[in-house]
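One structure is given below, encoded as structure tokens.
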Amino acid sequence: MNSFSSLLIRWQKTHGRHDLPWQDTTDPYRVWLSEIMLQQTQVATVIPYYRRFLARLPTLADLAAAPVEEVMALWSGLGYYARARNLHAGARAVMAQHGGEFPREPAAIAALPGIGRSTANAIADFCFAARVPILDGNVKRVLCRCFGIEGFPGAPAVERRLWQLAAELLPRQRVGVYIQAQMDLGATLCVRGQPRCGECPLADRCVALRCGRSAELPQAKPRRALPQRETTLLVLRNGHDILLEARPPQGIWGGLLSLPELPAGADAQMHAATLGCRVQDVQELPPFVHTFTHFRLTLRPLLMAAQPLPQAAEAGRRWLAPAAMKAAPLPAPIRKLLKTLSGSL
DNA sequence: AACGCGGGGCG
DNA sequence: CGCCCAGCGTT
């Protein structure tokens, strides 16, 4: 029979990864260490850290006895340092609460710091021949594609469905090989960017492949829509010179030079007058969008030929000649606008 | 430059 | 419960 799990187990034999340094053991300490390192870090990066860590702290008792500074030093460069602190605290908890024997029950494993449901289940499967599902990023991707599951897999409703599905798909036997196969498939073929569906053992049943939706599944985390703001900028032109003003030190573009901003609701000609410019014609230039980390700004430039009065070049304002543009402290979008403009003036 | 990663901590 | 964070590697 060609069940989901049997296809994966068969594929794992010939195409899965078998030489990873934590695959030659059922020592829960080693498997635990590998799982924690692999939580946010890719295999290739993890391997040297894993070897060095075990060479220095070969057993759980060694880890528990080590000062936390040494553990942090062994972790240094891997990132997410809470993982190391939790690992250390977890080793001490196993010594103190379990008499030094790593707990066998998934729930007891998951009670250790830094270990959630998926990691606990993986340890139980690999080390204690349990039969419980895992759901890491690789498995989520494989399931979302193969079963055509819509929605962001981190969303609670989708996640519940994925856990349910993962449990239903578990084989009766060889669960360890099976979950390794899921992870290997997700890491080597069913990758995010360019999945190699031609080599996939699930290709003939994959909903995403059949529907041509492999690129859309799993759906990306919905990014909160950036707040939209807009502002009108005055491009006051005296010959080839443009009037710029210093931005207030706080806030956006703090301390840089920029085009004068037209306050909301203000009249362009009136405001130009307060800046020391007499203007006749007002020409709307095409608006353009600039995206910041936390909002999206639409900039609407108004081009005006200005006859300057002396106070134009006061209060942080100055006329910028085209030659001085390169060295001026301008925000990128303003520089771009002026550059575009200098061609057409 | 943006995205993804598993779990913990917070409101 | 849902939301955000951590730090690095990949795209």
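Lettering follows sequence order; numbering is per chain, from 1.
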Distance between the P atoms of C:dG7 and B:dC10, in whole angstroms? 16 Å
Pairs involving residues 186-209 of chain A, ordered by first then second residue, that meet side chain to side chain donor-acceptor pair (under 3.5 Å) (sequence neighbours left out): A:R196-A:E199
Does anything in residues 62-72 of chain A form a side chain to side chain donor-acceptor pair (under 3.5 Å)? List the pairs, not counting sequence neighbours. A:R56-A:E70, A:T59-A:D62
Flag, side chain of A:W163 to backbone of A:A167, donor-acceptor distance under 3.5 Å: no
Spacing between A:M37 atom CE and B:dC5 atom P, to the nearest angstrom: 20 Å
Identify the heavy atoms of A:R52 and A:S76 that sit nearest to each other, and give their distance. NH2-O, 4.2 Å
Taking B:dG11 as the reference, what is the distance to C:dA6 when you measure between their P atoms (whole Å, please)? 15 Å
CD1 of A:I134 versus P of B:dC5: gap in Å, rounded? 13 Å
Side chain to side chain donor-acceptor pair (under 3.5 Å) contacts in which one or both residues fall within residues 170-180 of chain A, not counting sequence neighbours: A:Q23-A:Q180, A:Y178-A:Q182, A:Q180-A:D184
Output one letter per nucleotide in nucleotides 6-11 of chain B: B when a protein non-hydrogen atom lies under 4.0 Å from the base, S when only the sugar-phosphate is that close, - when neither is. BSS---
How would you label the contact of A:R85 with the nucleic acid (heavy atoms, under 4.0 Å): base, sugar-phosphate, or nothing? nothing
Can you tabulate the close N/O pairs, meaning under 3.5 Å, that link protein atoms to atoms of nucleotides 9-11 of chain C?
none

Which residues satisfy the side-chain contact (heavy atoms from CB on, under 4.5 Å) test with A:E150, sequence neighbours excluded? A:R213, A:L217, A:Q219
Whole Å only: how far is the CZ atom of A:R141 from the P atom of B:dC3? 16 Å
Donor-acceptor pair, distance only, cut-off 3.5 Å: does the side chain of A:S6 make one with the backbone of A:S3? yes
Taking all heavy atoms of A:R17 and all of A:M183, pick out the closest pair and write down the distance. NH2-O, 4.0 Å
